[in-house]
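To keep things clear, I will list the structure first and then write my remarks on it.
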Amino acid sequence: MAHILLHGDLHATIYEIDKLHIGAASKLFHKIVGGVEEVLGFKETASKLYATIDLGQARVGRTRLLKHEHTNPRWYESFHIYCAHSASQVIFTIKVDNPIGAELIGRAHIPVSDLMSGDEIDTWLPILRTDSKPVHGHPKIHVKLHFFDVARERCWSRGLKSPKFPGVPFTFFQQRHGCRVTLYQDAHVPDDFIPKIPLAGGKFYEPHRCWEDIFDAIYNAKHMIYITGWSVYTEITLVRDRRRPKAGGDLTLGELLKKKANEGVRVLLLVWDDRTSVGMLKKDGLMMTHDEETGEYFRNTEVHCVLCPRNPDDGRSIIQNIEIGTMFTHHQKIVVVDGEMPNGGGGSDVRRLVSFIGGIDLCDGRYDTQFHSLFRTLDSVHYNDFHQGNIAGATIQKGGPREPWHDIHCRLEGPVAWDVLYNFEQRWKKQGGKDLLLPLQELEEIIIPPSPVTFADDHETWNVQLFRSIDGGAAFGFPDAPEEAAKSGLVSGKDNIIDRSIQDGYIHAIRRASRFIYIENQYFLGSSFSWYSKDHITDADVGALHLIPKELSLKIVSKIEAGEPFRVYVVIPMWPEGYPETASVQAILDWQRRTMEMMYTDIVEALQAKGIVADPKDYLTFFCLGNREVKKSNEYEPSEKPDSNTDYSRAQQARRGMIYVHAKMMIVDDEYIIIGSANINQRSMDGARDSEIAMGAYQPYHLSFTSPARGQIYGLRMALWYEHMGLLDDSFCHPHSIECIQKVNKIGQKNWDLYTKEDLEKDLPGHLLIYPIGVSSEGTVTELPGMEYFPDTKARVLGSVAEYFPPILTT
């Protein structure tokens, strides 16, 4: 049966099964299993029935578990499924779950071709064995399916169109109006980095300073300071620019939080408990998060710091508990404080909520500016904050290169700030222990309730929607019943309730995109259901099922078919942080290569079908960031030297190193932006793996429907391009044009040539480097000539298969 592309939304309901009978052999098996489970203490999870929905090789839906005690199991569960899959059939699989293993009962099928008319299908399907014969008793499953093709959506490829865009549907948090958003690039912006970027209304873009603003927010809080982090390190200082001193700016973060707690401010911290940070391994843990150190620092103080592991939802088994607790993390980065009213309005005692979210953890190695120096700050702001996670043995005593850090963050004010607070409260109630949350209903005369902070006619107003990846194991109050979960914008799984709205936000934004997309992210892999692997890897077993890469390639393909210009720019690190030769890093690079290859193959096939001869990189292009600095006479001189013939010595001698891209951001048509903690990988997009938070936002007065958007989002993109390329070009104002993408590719290629050449005559003129891959005429991703390895390493650019790492660890 031919595969058909199913691109759009599938609404599916699994109602019930009639006449389900178990044969004598299966009854005996369940009796034996039940006895074993009782001995092992698994009786509560024994022998439960569930059903799944598959599109081709991708699992896209799963019901809750039902006790397997009757012949007419009834779920009545509905699913809203985003599709970007090629499949011949929709497959419904019925299984019995128990701790020893899952037993297949049978499968039911419906051809994808039946869905393409857009008509609703409500039918009973026979359940068949693997040999296509009916299951004993001839049971049937009652299902309903309704497919909506993406091209029929009102927003498809048209941008936001209207200031009244209602936000992403089927999500836990609604879109909020009357908000204010402050955008940040990197932890700090020095006074001498101010590109002249004109905006609408005769204004110019003004960069803001993230860590200074977070310091001010904490320092001036009077009632509450709530923080969550993958890592929170007490020994860092937030204020480091000597030209911009602040009262109290010399306090470490730990001292600052203790000071505020001693003043009577309620200070609550939720810090991810790295299960590897125990005595048998090392205090910092494998991830070097300082969690044990931070917990000990605040012990017996007025600061309430809870180290919380990434626990599974309550329905999971003991084995799943161990897997989730050791493999996945709490990755949200949040600060929520009470702040003063703008312009002192409402009197000095009246306060409002202010929230910060994004990619920057409050820990070591994160402070950086747009200059991203490798060597020149080692005797100043980075002497006591030397971080280099990619070179073995690197220390301040042996000198640079340090690891420069590029990131994106934001401040949220208005009703959406309360959504960030609600997320914190859900997490604290689940894992915080003592009930220490401030009862804000009792403080309503002091802290104003959720309300707009801008007037409706304010051209700087924002509409903002909060998204998450999180499940009931990390958030209190998720409904148990799938039908109630669906009403709350949540997804029901076999044994958990999931908020997967970050992925939904990305999918919606990509589908709306009209002209271009600009992405900065720490990872870029996924849509493994559509990979074209030709080696021994079985794509169906990889499990990186989120849709983002496939949605991007399908968007480009649709624009090629329509004869309309469209470009996608993606900035990623050279490799994910870690020693690049290690098996885990090489595995991630291998998944990344397969993802890129899938996308380029789609593009090449679309170009060939239209008879267009073009470079695929004129449609989709990848970059990384790096720096190279000549030595100056007054530079920091290390007291020791690296071992000879190592990555360290080679990088130090060549005076180069990658700038680590830790950002998690997407800009669409300069009118819509997503910023958060979520990477473009399965860990972040799954919902039941790493816990994440993000926001999607736009300015209603700065849309691109009739003319190019020239609001704050445009200003940030241009400031980022100025940071990365060291210049502003007229073509940058029109990133959908062939002139722009070719100009940016040319700059990236020139910088890469300078980065990799033997001699160094002057500083690198810009940080943007073309990602060192080639693309064949078939879309295959290849090595560049002479570039099998990243500079100064023996690490393959295209990665390698990790035979002993399960994909769940590296996707």
Side-chain angles (χ1 to χ4, degrees), residues 187 211 214-215 218-219 221 224-240 248-311 322 324-337 356 360-367 382-389 395-396 424 427-438 474 577 677 690-691:
W211 274 18
I214 290 177
F215 171 83
I218 293 174
Y219 191 82
M224 57 185 292
I225 301 168
Y226 295 170
I227 296 174
T228 72
W230 176 84
S231 173
V232 177
Y233 189 39
T234 58
E235 300 306 308
I236 64 165
T237 53
L238 299 175
V239 179
R240 305 190 195 183
D250 57 341
L251 293 171
T252 67
L253 178 60
E255 291 168 342
L256 176 61
L257 292 175
K258 286 202 289 189
K259 175 181 184 295
K260 299 306 296 184
N262 291 336
E263 292 174 2
V265 177
R266 182 64 51 86
V267 182
L268 306 181
L269 272 67
L270 286 171
V271 179
W272 173 53
D273 182 5
D274 181 356
R275 289 283 180 85
T276 68
S277 55
V278 294
M280 288 187 297
L281 296 166
K282 52 185 174 179
K283 186 170 69 173
D284 279 347
L286 298 178
M287 297 289 189
M288 304 290 287
T289 61
H290 307 286
D291 56 328
E292 295 292 328
E293 195 174 338
T294 299
E296 188 60 34
Y297 181 90
F298 290 121
R299 196 181 308 279
N300 299 321
T301 72
E302 294 301 311
V303 175
H304 304 279
C305 177
V306 175
L307 303 184
C308 49
R310 174 61 180 95
N311 288 339
I322 296 170
I324 292 169
T326 54
M327 288 194 296
F328 303 128
T329 76
H330 285 307
H331 203 235
Q332 296 180 346
K333 302 102 168 53
I334 297 170
V335 176
V336 183
V337 301
F356 297 81
I360 307 180
D361 287 288
L362 298 177
C363 67
D364 48 331
R366 302 317 193 251
Y367 184 90
H382 291 116
Y383 181 79
N384 291 316
D385 189 9
F386 180 88
H387 179 76
Q388 178 50 275
T395 64
I396 186 64
F424 181 91
R427 287 195 54 193
W428 184 271
K429 289 176 182 178
K430 191 70 178 186
Q431 291 191 283
K434 296 180 182 178
D435 183 12
L436 297 171
L437 295 165
L438 283 184
E577 191 178 32
S677 66
D690 289 355
S691 63

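Sequence positions, counted from 1, serve as the residue numbers for this chain. Here the structure is a predicted model, which means the values were calculated and not measured.
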Q. Hey, is the main chain of P309 close enough, under 3.5 Å, to the side chain of H330 for a donor-acceptor pair?
A. yes

- Message: When you compare the side chain of I225 with that of V303, does any pair of heavy atoms fall below 4.5 Å?
- Response: no

Checklist entry - Is a side-chain N or O of K260 found less than 3.5 angstrom from the main chain of A221, in a donor-acceptor match? => result yes

In this structure, CE of M224 is separated from CG of L436 (nearest 0.5 Å) by 12.5 Å

- Query: Can you check whether Y367 reaches H387 side chain to side chain, under 4.5 Å on heavy atoms?
  - Reply: no

**Asked** Looking at K259 and E263, does any basic side-chain N land under 4.0 Å from a carboxylate oxygen?
**Response** yes

From CA spacing to verdict: side-chain contact (heavy atoms from CB on, under 4.5 Å), I334, Y226
CA-CA 8 Å; I334 297 170; Y226 295 170; over 6 Å; no

Worksheet item: Between the main-chain N or O of Y297 and the side-chain N or O of R299, is there a donor-acceptor pair closer than 3.5 Å?
Response: no

*Does K333 offer a backbone N or O that forms a donor-acceptor pair with the side chain of S677 under 3.5 Å?*
no

Partner of W211 under side-chain contact (heavy atoms from CB on, under 4.5 Å), picked from L253, I236, V239, is I236

inquiry  = Do L257 and F298 have side chains that approach each other closer than 4.5 Å (heavy atoms only, starting at C-beta)?
reply    = yes

Begin with the C-alpha distance, continue with both residues' side-chain angles, and end with the deciding distance and a verdict on side-chain contact (heavy atoms from CB on, under 4.5 Å) for H290 and E235. CA-CA 10 Å; H290 307 286; E235 300 306 308; over 6 Å; no

Distance col, row L269:CG vs L307:CG, nearest 0.5 angstrom, shows 9.5 Å

Item checked: Test item: D690 side-chain N/O and T329 main-chain N/O as donor-acceptor pair under 3.5 Å -> yes

Worksheet item: Can any side-chain N or O of W428 pair as donor or acceptor with the backbone N or O of D435 at less than 3.5 Å?
Response: no

Practice item. Mind running side-chain contact (heavy atoms from CB on, under 4.5 Å) on T237 and D250 for me, showing each step along the way? Key: CA-CA 7 Å; T237 53; D250 57 341; over 6 Å; no

| Can you tell if the side chain of W272 reaches within under 4.5 Å of the side chain of H331, non-hydrogen atoms only? | no

